[in-house]
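Keep in mind that this is a model prediction, so the values were computed, not measured.
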Amino acid sequence: MIPRSLPLQQTAPWQQELAKAITDPLELLDMLKIPASRLPVSLAADKGFPMKVTHSFIRRMRSGDLNDPLLKQVLPLAAECEQQPGYSNDPLDENTGMPAPGLLHKYHGRVLLTLTGACAIHCRYCFRRHFPYPQANPMAQHWQASVDYIRENADISEIILSGGDPLSLSDNKLARVVNQLSDIPHLQRLRIHTRQPVVLPSRIDDALLGWLVDTRLKTVIVLHINHAAEIDHELAQACQRLRKATDHLLNQSVLLHSINDSVPTLEALSLKLFETGILPYYLHQLDAVNGAAHFSVNDKKAKSLHKELQARLPGYLLPRLVREFPDMPAKQLL
């Protein structure tokens, strides 16, 4: 008799889609019908921080438009290789703020776990583009040290899952993580910072919604959307499902030169977010990470934009303009 083989673990549709992400800058330009000669694409920058972008996100880009705001967020350019004063690999000094590998305890009452270095998309302005994920990962052999630290500090009431993108992990792993954390009595809130639903809406599936609904912790999902063009029908549908499984759905953006640094663009983003059921939360000034200086908007212009935006939007649609400093007890309002 032929022995019956064990059933193979099924690959979720979102994982199949993620496996097909585009990693070749020239292929991306070809898909968008943009000659490579029209943009200073840098293979050196791509080698240092490889490009990665999903087909879903690419479909929202405008064909033939080298100034498309979504394309500019993912395409490696020669400017990334230029060293700029005041920029570093660790602008928030995160490597010195870990009581356990991958566990950051910067602010009172809450800790952050960098569960993975994986993302569905590599944003060129990412402040963790040089982060030492192999050494600063709380999973596997370091997980118990993180759990013990959280359990021993009763003033910690909120856990933040970050990365990379925590939703790059399988739902089985995430469910185990959240179940263990929910067993710690003084934890009350779970916050998840993710861009995955934005660039890969298929990630919002029944398995993910299942463990979100099951946890006793109050859940807050913080998405990362920089431009109204990122919000399409597919994302809106995913957010509609997500709102039923979580307590709050918020958004944080980064102020980016030539991408969203105008009042009409920021206003359109806030209005589109609200239409999609997401509240604007933060508008971040760029963290000074090596390779991202060309995205920077100076504070004078940022404050001017925010002041004009305040005059055009109701208060609940106005994101807080903030900058993060490595030695401050909270993000600083500008």
Side-chain angles (χ1 to χ4, degrees), residues 18 21 23 45-54 57 72-77 79-81 83-84 86-107 110-140 142 146 159-169 174 177 191-200 221-226 251-256 259 281-296 322-328 331:
L18 183 57
T23 57
D46 181 64
K47 185 177 180 181
F49 183 45
M51 190 196 81
K52 185 178 184 181
V53 58
T54 61
F57 201 66
K72 284 186 171 184
Q73 294 181 52
V74 301
L75 193 68
L77 301 179
E80 296 178 37
C81 301
Q83 293 294 314
Q84 298 291 343
Y87 285 74
S88 70
N89 285 357
D90 185 17
L92 301 181
D93 199 21
E94 291 188 317
N95 292 329
T96 61
M98 297 184 201
L103 186 147
L104 280 68
H105 193 177
K106 292 177 61 177
Y107 300 148
R110 51 205 186 272
V111 295
L112 182 147
L113 291 166
T114 55
L115 293 184
T116 176
C119 288
I121 186 172
H122 289 172
C123 304
R124 308 311 300 178
Y125 50 85
C126 178
F127 74 100
R128 289 199 183 119
R129 57 184 289 169
H130 305 289
F131 193 77
Y133 288 108
Q135 296 78 37
N137 190 323
M139 302 298 278
H142 301 304
S146 297
I159 191 79
I160 302 167
L161 303 186
S162 184
D165 196 309
L167 296 191
S168 297
L169 298 177
L174 288 167
V177 166
R191 195 190 330 166
I192 301 173
H193 284 222
T194 178
R195 190 147 161 79
Q196 197 109 345
V198 180
V199 302
L200 193 68
I221 307 291
V222 183
L223 299 174
H224 177 180
I225 303 170
N226 296 317
N251 183 67
Q252 60 181 9
S253 307
V254 179
L255 188 59
L256 300 167
I259 291 174
Y281 175 41
Y282 278 143
L283 178 60
H284 280 272
Q285 270 290 57
L286 183 78
D287 295 313
V289 64
N290 280 330
H294 56 295
F295 289 110
S296 179
V322 297
R323 184 186 292 280
E324 190 165 4
F325 296 92
D327 54 350
M328 299 296 286
K331 292 180 174 66

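- In this view, Arg128 and Glu94 satisfy the salt bridge (charged side-chain N to carboxylate O under 4.0 Å, His left out) rule, not counting sequence neighbours.
- In this structure, CZ in Arg191 is found 3.5 Å from CD1 in Ile160, a value given to the nearest 0.5 Å.
- By the 30° and 60° cut-offs, the orientation of the rings of Phe295 relative to Tyr125 is perpendicular.
- Here the side chains of Ile121 and Thr54 are not in contact, with every heavy-atom distance at 4.5 Å or above.
- Separating the CZ atom in Phe325 from the CG atom in Asp287 is a distance of 10.0 Å, to the nearest 0.5 Å.
- Residues that satisfy the ring pair (Phe, Tyr, Trp, His ring centres under 6.0 Å) test with Tyr87, not counting sequence neighbours, are absent from this structure.
- The shortest side-chain heavy-atom distance between His224 and Val198 does not fall under the 4.5 Å cut-off.
- Rounded to the nearest 0.5 Å, atoms CD1 (Ile259) and CD (Gln73) are 5.0 Å apart.
- Inter-residue side-chain proximity for Asn290 and Gln83 is flagged as met; some heavy-atom pair is nearer than 4.5 Å.
- Nearest heavy atom pair, residue Asn226 against residue Val254, reads OD1-N, 2.9 Å.
- Contact annotation: the side chain of Val222 never approaches that of Tyr282 to less than 4.5 Å [non-hydrogen atoms, C-beta and beyond].
- A donor-acceptor contact shorter than 3.5 Å is absent between the side chain of Lys52 and the backbone of Ala21.
- Residues passing the side chain to side chain donor-acceptor pair (under 3.5 Å) test with His294, sequence neighbours excluded: none.
- Asp165 contributes a side-chain N or O that, together with a main-chain N or O of Arg195, makes up a donor-acceptor pair within less than 3.5 Å.
- The distance from atom CG of Leu167 to atom CG of Leu200, rounded to the nearest 0.5 Å, is 10.0 Å.
- Pro166 and Ile192 make their closest contact through CG-CG2, 3.8 Å (heavy atoms, listed as atom of the first residue, atom of the second, distance).
- With rounding to the nearest 0.5 Å, the separation of NZ in Lys106 from CE in Met98 is 10.5 Å.
- Side-chain atoms of His142 and Leu103, non-hydrogen and from C-beta on, never get closer than 4.5 Å to each other.
- Side-chain contact between Pro50 and Thr23 is absent, with no heavy atoms from C-beta onward closer than 4.5 Å.
- Val289 and Cys126 get closest at one heavy-atom pair: CG1-O, 3.5 Å.
- The backbone N or O of Gln285 lies less than 3.5 Å from no partner atom in the side chain of Arg323, so there is not a single donor-acceptor pair.
- Atom CD in Gln252 sits 10.5 Å away from atom CG in Leu283 (nearest 0.5 Å).
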Determine, stepwise, if the pair Leu223 / Thr194 fulfils side chain to side chain contact (heavy atoms under 4.5 Å, CB included). CA-CA 5 Å; Leu223 299 174; Thr194 178; 3.9 Å; yes
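- The two atoms that bring Asn251 and Ser253 nearest to each other are ND2-OG, 3.1 Å, heavy atoms only.
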Step by step, work out the side-chain hydrogen bond (donor to acceptor under 3.5 Å, both in side chains) result for His284 and Glu324. CA-CA 8 Å; His284 280 272; Glu324 190 165 4; 5.3 Å; no
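- Ser168 places a side-chain N or O within donor-acceptor distance of the main-chain N or O of Ala118, the cut-off being under 3.5 Å.
- Between Val199 and Val53 there is no side-chain heavy-atom pair separated by less than 4.5 Å.
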Before giving the answer on side chain to side chain contact (heavy atoms under 4.5 Å, CB included), spell out for Ile159 and Val111 the whole-Å C-alpha distance, their side-chain angles and the decisive distance to 0.1 Å. CA-CA 5 Å; Ile159 191 79; Val111 295; 3.3 Å; yes
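- Ala45 and Cys81 get closest at one heavy-atom pair: N-SG, 3.8 Å.
- Using modelled atom types, no side-chain atom of Arg124 and backbone atom of Lys72 make a donor-acceptor pair closer than 3.5 Å.
- Contact between Ser146 and Pro101 at its shortest, heavy atoms only, is OG-O, 4.1 Å.
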